[in-house]
Amino acid sequence: QGLLELNQSLARNDFKEAKTMLDSAKSKFPVGTKEEQQINDLAAKVDKSLADTAQINSVDAKKVDSSSSPLLAFAAKQNGNYVTADSTNFYVVSDTGISQTPQKGTTSKTIIKNAKDWTNVGGFGTYLGNFYLLDKSSGIIKYVAAAGNTYGKADYFATGVKPDLSNATSLAIDGSIWVLSKDGSVQKFTKGKADNITLTGLDGKFSSPTRIVTSVDDDNMYILDNGNNRVVVFKKDGTYVSQYGANILKSATEMAVDEKNKKIFVLSGSDIYQIDLK
């Protein structure tokens, strides 16, 4: 309890350890004994402390018009393919290639053809004019902008770095690359090498998470956890911050975050919904 004001994350970890110890001790004393009652009382206090520090926000997601998130409005027309954007264009990756559409226009063009480079996309993003495509079999492919509106292909990973990306569902880029897997684990890579990252402080396991979002301008990263109808927020060191629950999140297929203006946008079907960050 004394840690709460100093470091809430460490306090939550201690509460979790205490809960595990108490749960394992319940069966060691006969029902109705003083010792069993003491354990139950302590367990109740631990549960309350965990609940009080969980920062769980049940919210009403409100439907908004397409101008609220142009990226999600574009994504709604892309048949479930991965999309990304820079300051001027939208991009979509499909089985045949990567296409570009001006944000202030409607005419798309293929800028990179798939020459059997990828077969099973698990994430897609752009950063500083380059594209990063995660193929679940071959890894992360980097397409570097070159002269004449062409792109050179390279393996993103450093020599000897071959992570398992077979369960990847999404990636985000802020200079480093963050990869979300379907079990809720997150891998982080910087300049082609793996960084140590562990998510801590979250109560309850992920269930079918599908998107991770962050950027160089964001302080936090955001995970869309469809199976639990929530968006979970972590600091970039992996420390749990908060979570937002709404029924519409179960069917959401894409997510965008405007951290500066404290808004999360999600796409469900062809509709865009807004969640206000606290």
Side-chain angles (χ1 to χ4, degrees), residues 61-115 117-118 121-134 140-153 156 169-178 210-222 224 231 248-249 251-277:
K62 58 183 179 181
K63 189 185 295 187
V64 293
D65 61 41
S66 60
S67 64
S68 299
S69 178
L71 176 62
L72 295 192
F74 174 77
K77 304 173 184 177
Q78 305 310 315
N79 299 318
N81 291 315
Y82 287 89
V83 300
T84 189
D86 56 23
S87 59
T88 56
N89 297 300
F90 298 121
Y91 305 94
V92 58
V93 59
S94 67
D95 292 340
T96 58
I98 296 172
S99 298
Q100 169 187 293
T101 303
Q103 292 194 24
K104 295 184 178 181
T106 58
T107 304
S108 66
K109 65 178 180 179
T110 299
I111 56 174
I112 299 172
K113 291 184 178 180
N114 182 10
D117 294 339
W118 65 85
V121 180
F124 178 54
T126 184
Y127 185 74
L128 297 179
N130 302 320
F131 296 100
Y132 298 82
L133 188 155
L134 188 156
I140 295 177
I141 307 166
K142 180 179 179 180
Y143 291 96
V144 182
N149 295 320
T150 61
Y151 291 85
K153 174 189 168 187
Y156 167 74
T169 63
S170 178
L171 69 75
I173 308 175
D174 63 356
S176 297
I177 293 181
W178 304 78
T210 57
R211 290 293 183 268
I212 183 170
V213 173
T214 193
S215 75
V216 68
D217 297 319
D218 294 335
D219 293 328
N220 301 314
M221 57 178 169
Y222 302 78
L224 174 60
V231 174
I248 196 64
L249 295 174
S251 59
T253 54
E254 282 289 350
M255 177 171 68
V257 177
D258 182 354
E259 194 173 81
K260 180 180 178 181
N261 293 306
K262 297 186 175 182
K263 299 181 187 300
I264 297 172
F265 298 100
V266 295
L267 176 67
S268 177
S270 59
D271 295 321
I272 299 171
Y273 293 83
Q274 175 183 309
I275 293 171
D276 294 328
L277 291 168

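The model shown is predicted, which means the values in this text are computed figures rather than measured ones.
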Quiz prompt | Nearest heavy-atom neighbours spanning Met255 and Arg211 | solution = CE-O, 4.1 Å
Quiz item: Which pair of heavy atoms, one from Ser94 and one from Asn81, lies closest together, and at what distance?
Solution: CB-ND2, 3.9 Å
Exercise. Any chance you could measure Lys113, atom NZ, to Ser99, atom OG, to the nearest 0.5 Å?
Key: 11.0 Å
Quiz item: Okay, side chain of Trp178, backbone of Ser170: is any donor-acceptor separation there less than 3.5 Å?
Solution: no
Quiz item: At what distance, to the nearest 0.5 angstrom, does CD1 of Ile112 lie from OG1 of Thr96?
Solution: 12.0 Å
Quiz item: Counting distance only, does the side-chain N/O of Thr101 pair as donor-acceptor with the main-chain N or O of Thr106 below 3.5 Å?
Solution: no
Quiz item: Going by heavy atoms in the side chains, are Ile264 and Gln274 under 4.5 Å from each other?
Solution: no
Quiz item: Should we say atom CG of Asn149 is surrounded by more than 12 heavy atoms from elsewhere, each under 6.0 Å from it?
Solution: no
Self-check item: Interatomic distance, Ser68 atom OG to Lys63 atom NZ [nearest 0.5 angstrom]
Solution: 12.5 Å
Self-check item: Distance-minimising heavy-atom pair for Ala172 and Ile212
Solution: CB-O, 3.6 Å
Exercise. Taking the side chain as every heavy atom from C-beta outward, state whether Gln103 and Thr88 have any pair of such atoms under 4.5 Å apart.
Key: no
Quiz prompt | Short side-chain donor-acceptor distance under 3.5 Å, Ser67 and Asp65 | solution = yes
Quiz prompt | pair Ile98-Tyr151: side-chain heavy atoms closer than 4.5 Å | solution = no
Quiz item: Does any non-hydrogen side-chain atom of Phe131 lie less than 4.5 Å from one of Ile111?
Solution: yes
Quiz item: Looking at CG of Asp276 and NZ of Lys62, how far apart are the two atoms once the value is rounded to the nearest 0.5 Å?
Solution: 5.0 Å
Quiz prompt | pair Lys142-Asn130: side-chain heavy atoms closer than 4.5 Å | solution = yes
Quiz prompt | Those residues that, when tested against Tyr127, pass ring pair (Phe, Tyr, Trp, His ring centres under 6.0 Å) (two or more places apart) | solution = none
Quiz item: Considering the options Gln100, Gln78, Lys77, which one meets the side chain to side chain contact (heavy atoms under 4.5 Å, CB included) requirement together with Val92?
Solution: Gln78
Quiz prompt | Over all atoms of both residues, closest heavy-atom pair of Ile272 and Ala73 | solution = CD1-N, 3.7 Å
Self-check item: side-chain contact (heavy atoms from CB on, under 4.5 Å) between Asp174 and Asp218, worked out
Solution: CA-CA 8 Å; Asp174 63 356; Asp218 294 335; over 6 Å; no
Quiz item: Tell me, do Leu249 and Ile275 make a side-chain contact under 4.5 Å, heavy atoms counted?
Solution: yes
Quiz prompt | Non-hydrogen atoms of Ser270 and Ala76 that approach each other most closely | solution = CA-CB, 4.3 Å
Quiz prompt | Heavy-atom pair with the smallest gap, counting every atom of Thr126 and Ile173 | solution = N-CD1, 4.0 Å
Quiz item: Measuring from Ser66:OG to Leu71:CG, what's the distance to the nearest 0.5 Å?
Solution: 12.5 Å
Quiz item: Which of parallel (below 30°), tilted (30 to 60°) and perpendicular (above 60°) describes Phe74 and Phe90?
Solution: parallel
Practice problem: Using side chain to side chain contact (heavy atoms under 4.5 Å, CB included) as the criterion, point out the one residue from Ile140, Leu134, Ile141, Leu133 that pairs with Tyr156. | Solution: Ile140
Quiz item: Are Thr84 and Tyr82 close enough that some pair of their side-chain heavy atoms sits under 4.5 Å apart?
Solution: no
Practice problem: For the pair Asp219 and Glu259, evaluate side-chain contact (heavy atoms from CB on, under 4.5 Å) and give the outcome as yes or no after the intermediate values. | Solution: CA-CA 8 Å; Asp219 293 328; Glu259 194 173 81; 3.6 Å; yes
